[in-house]
J.: 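Dumping the structure here so I can ask a few things about it.
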Amino acid sequence: MSTTPTDEAAPGAKTPAGRLDAFFQIGERGSTVGREVRGGLVTFFTMAYILVLNPVILGGSTDVNGDQLDIGQLVTVTALVAAVMTILMGVTANLPIALAAGLGLNAMVAYGLAPLMTWPEAMGLVVLEGLLIIALALTGLREKVMQAIPMPIKQAIGVGIGLFIAFIGVINAGFAGPGDGTPVTLGDGGVLRGWPVLVFCVGVLLTFVLMARKVKGAILISIVATTALAVAINTIADDVAWGLTTPELPRGLDDIVAMPDFGLVGEFSLFGAFGQISVITVLLLIFTLFLTDFFDTMGTAVAVTNEAGLLKDGRPPRLGRLLLVDGLATVGGGACSASSNTAYIESASGVGEGARTGLANLVTGGLFALALFFAPLAATVPAQAASPALVVVGFLMMTQVVGVDWKAYDIAIPAFVIIAVMPFTYSITHGIGAGFITYVVVKTALGRIREVHWLMWATAAAFVVFFAIDPIEQILGVR
């Protein structure tokens, strides 16, 4: 690739354009302002689906008190945190890596934390996890933690989360549900019923077709198209049960544009969860959030910077700043009730359009800021139009399964346990815990104790206490 800009002439160093070029190292990285703008636009449109999916996941669950989060407010905080943190990543780390609420992380908050505590308490744990990330980033320990866990185990965690997310998608859409005498079956009693399920099926097939044809923005295009189909069906058909959100044509400007509702900002309780559940459970939940966030960010950072030709000696440039912003994004997501924000692999689409610097992030972040005013429009998307994206993201995460050597049982068995337990128990925490314990036990049984890092021993022991908390409490008489 040529290392000189081609879209614009090199500006003088003292002009505004020249200072922009110097600050973001645009020419030095072989890019131009035009390429950065195009890259930022493409990145936004390939990840804008999160403005719909994050509210669907968080808004579709209830906390321990049966309370639900407001969809419109969720759209606002999703856009707000993504805008601020994406711009911050661009300005401080000068990398074309956008951030937003992490899929998998939001699922854990909705289905792993909220049933055990209130929403503010769950978001408080996200903030604590973010503070842990910041502390490890500032001390340089984060990379050491990453090295303690074998790569196949990390990949198995990603695969398990992918299956869990896909399972959430088919359940939320009504494609699967409880059966007569079975835990789960097809649709309603073994039969697909109603127009909403048809919308979901069309959405899944459409998204897969667009992806197979390598259409950029396939997920967003599918969400828009199936929402339009849902609106048409809702207009023509009678008494269609859509669930949480009913797709309706905007009746006026107020149904499209509105002032942002920041009602969820600051609604978190930093230590409230410690009064709801045991300390060991709280610590393990924070650790599980940390692991999920940790591997997601590092994998994305390496993949995107490698695609951009910026990777040096296996490390992204300005890694310390990247990790610090990632921690701040987690804290910001929890503090605003948007769930943990993390680096997005969709940033690679912008890199494919030529983005090489943080200037692209200013464009992406600016569009997320503009989206703050379109919460009513995003809130009209039904779960049946958004859930296909969960299935497709599950497929993308499933591709990591090739990284596991299935003939090496000391790795393959714990990897299988992680992948299977997550969707079967509807819990990311349970999957990671069961896998870690299995890994330590199998390695020990094979006489390979020295291959197990002390951190894996400590974590496995903590998870043993986590799973056995009920008999332990009975023995100690603490309940």
Side-chain angles (χ1 to χ4, degrees), residues 1-13 15-51 82-100 210-221 297-319 321-322 325-326 329 342-371 396:
M1 182 181 291
S2 173
T3 57
T4 57
T6 57
D7 287 6
E8 297 91 16
T15 64
R19 287 192 289 269
L20 185 70
D21 181 275
F23 182 84
F24 286 107
Q25 301 174 314
I26 299 173
E28 182 180 333
R29 295 187 180 180
S31 186
T32 66
V33 172
R35 292 176 185 173
E36 297 300 312
V37 171
R38 289 199 303 272
L41 285 168
V42 169
T43 295
F44 172 78
F45 284 109
T46 54
M47 63 184 288
Y49 64 83
I50 195 59
L51 295 170
V84 173
M85 294 304 163
T86 295
I87 292 172
L88 185 62
M89 178 68 81
V91 173
T92 60
N94 193 27
L95 293 171
I97 299 177
L99 299 93
L210 293 174
M211 288 188 63
R213 296 183 64 86
K214 302 187 184 302
V215 176
K216 293 179 179 177
I219 293 177
L220 181 62
I221 292 172
T297 296
M298 292 303 296
T300 298
V302 170
V304 174
T305 53
N306 184 51
E307 181 74 16
L310 301 175
L311 203 64
K312 295 181 180 179
D313 299 323
R315 288 168 53 94
R318 301 189 182 185
L319 181 59
R321 296 185 184 184
L322 186 157
V325 174
D326 181 65
T342 187
Y344 258 57
I345 193 62
E346 283 81 356
S347 303
S349 63
V351 169
E353 285 294 318
R356 296 293 182 272
T357 77
L359 179 59
N361 274 31
L362 270 62
V363 177
T364 304
L367 290 172
F368 271 117
L370 184 63
L396 293 174

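This chain uses plain numbering: 1 for the first residue, then up along the sequence.
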J.: Let me see the working for Phe368 and Met47 under side chain to side chain contact (heavy atoms under 4.5 Å, CB included), right down to the final yes or no.
T.: CA-CA 10 Å; Phe368 271 117; Met47 63 184 288; 3.9 Å; yes

J.: Is a donor on one side and an acceptor on the other found under 3.5 Å between the side chain of Thr364 and the backbone of Gly40?
T.: yes

J.: Looking at Thr357 and Asn94, would you say the former's side chain and the latter's main chain have a donor-acceptor pair under 3.5 Å?
T.: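 Pair absent, no side-chain N/O of Thr357 close to backbone of Asn94.
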
J.: Compare every heavy atom of Leu322 with every heavy atom of Ala93, then report the nearest pair and how far apart it is.
T.: CB-N, 4.2 Å

J.: Minimum heavy-atom separation for Asp326 and Ala343, please, with both atom names.
T.: OD1-N, 4.1 Å

J.: What residues, two or more places apart in sequence or in another chain, satisfy side-chain contact (heavy atoms from CB on, under 4.5 Å) together with Val325?
T.: Leu88, Met89, Thr92

J.: Between the side chain of Arg356 and the main-chain N/O of Val351, is any donor-acceptor distance below 3.5 Å?
T.: yes

J.: What verdict does the side chain to side chain contact (heavy atoms under 4.5 Å, CB included) test give for Arg321 and Leu95, after you've listed the backbone C-alpha separation in whole Å, the side-chain angles of each residue and the deciding distance to 0.1 Å?
T.: CA-CA 10 Å; Arg321 296 185 184 184; Leu95 293 171; over 6 Å; no

J.: Checking Thr305 now: which residues fulfil side-chain hydrogen bond (donor to acceptor under 3.5 Å, both in side chains) with it, not counting sequence neighbours?
T.: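 Thr305 satisfies side-chain hydrogen bond (donor to acceptor under 3.5 Å, both in side chains) with no residue once adjacent residues are dropped.
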
J.: List the residues meeting side-chain contact (heavy atoms from CB on, under 4.5 Å) with Val91, not counting sequence neighbours, and say none if there are none.
T.: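 Once residues adjacent in sequence are excluded, the partners of Val91 under the side-chain contact (heavy atoms from CB on, under 4.5 Å) criterion are Phe23, Ile87, Leu362.
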
J.: Please give me the minimum heavy-atom distance between Thr43 and Ala98, naming the atom from each residue.
T.: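 Taking every non-hydrogen atom into account, CG2-CB, 3.9 Å.
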
J.: Can you see which heavy atom on Gly90 is nearest to which on Asn361, and at what distance?
T.: N-ND2, 3.5 Å

J.: With sequence neighbours left out, write down each residue that passes side-chain contact (heavy atoms from CB on, under 4.5 Å) with Leu20, or none if nothing qualifies.
T.: Phe24, Ile26, Val33, Leu359

J.: Supply the atom-to-atom distance Phe44 CZ to Thr86 OG1, rounded to the nearest 0.5 angstrom.
T.: 10.0 Å

J.: Side chain to side chain contact (heavy atoms under 4.5 Å, CB included) between Val215 and Ile221: does it pass, once the steps are laid out?
T.: CA-CA 9 Å; Val215 176; Ile221 292 172; 3.8 Å; yes

J.: Just jot down the ring-ring contact (aromatic ring centres under 6.0 Å, His included) partners of Tyr49, sequence neighbours excluded, or say none.
T.: none

J.: If I compare all heavy atoms of Ala83 with all of Gly365, which pair ends up nearest, and what's the gap?
T.: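 Smallest interatomic distance, heavy atoms only, reads CB-O, 3.3 Å.
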
J.: Measuring from Glu346:CD to Leu220:CG, what's the distance to the nearest 0.5 Å?
T.: 11.0 Å

J.: Tell me, please, which residues at least two apart from Ala355 pass side-chain contact (heavy atoms from CB on, under 4.5 Å).
T.: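 Partners of Ala355 under the side-chain contact (heavy atoms from CB on, under 4.5 Å) test: Glu36, Pro96, Ala360.
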
J.: Listed by chain and number, what are the ring-ring contact (aromatic ring centres under 6.0 Å, His included) partners of Tyr344, not counting sequence neighbours?
T.: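 In terms of ring-ring contact (aromatic ring centres under 6.0 Å, His included), with neighbours along the sequence ignored, Tyr344 is linked to no residue.
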
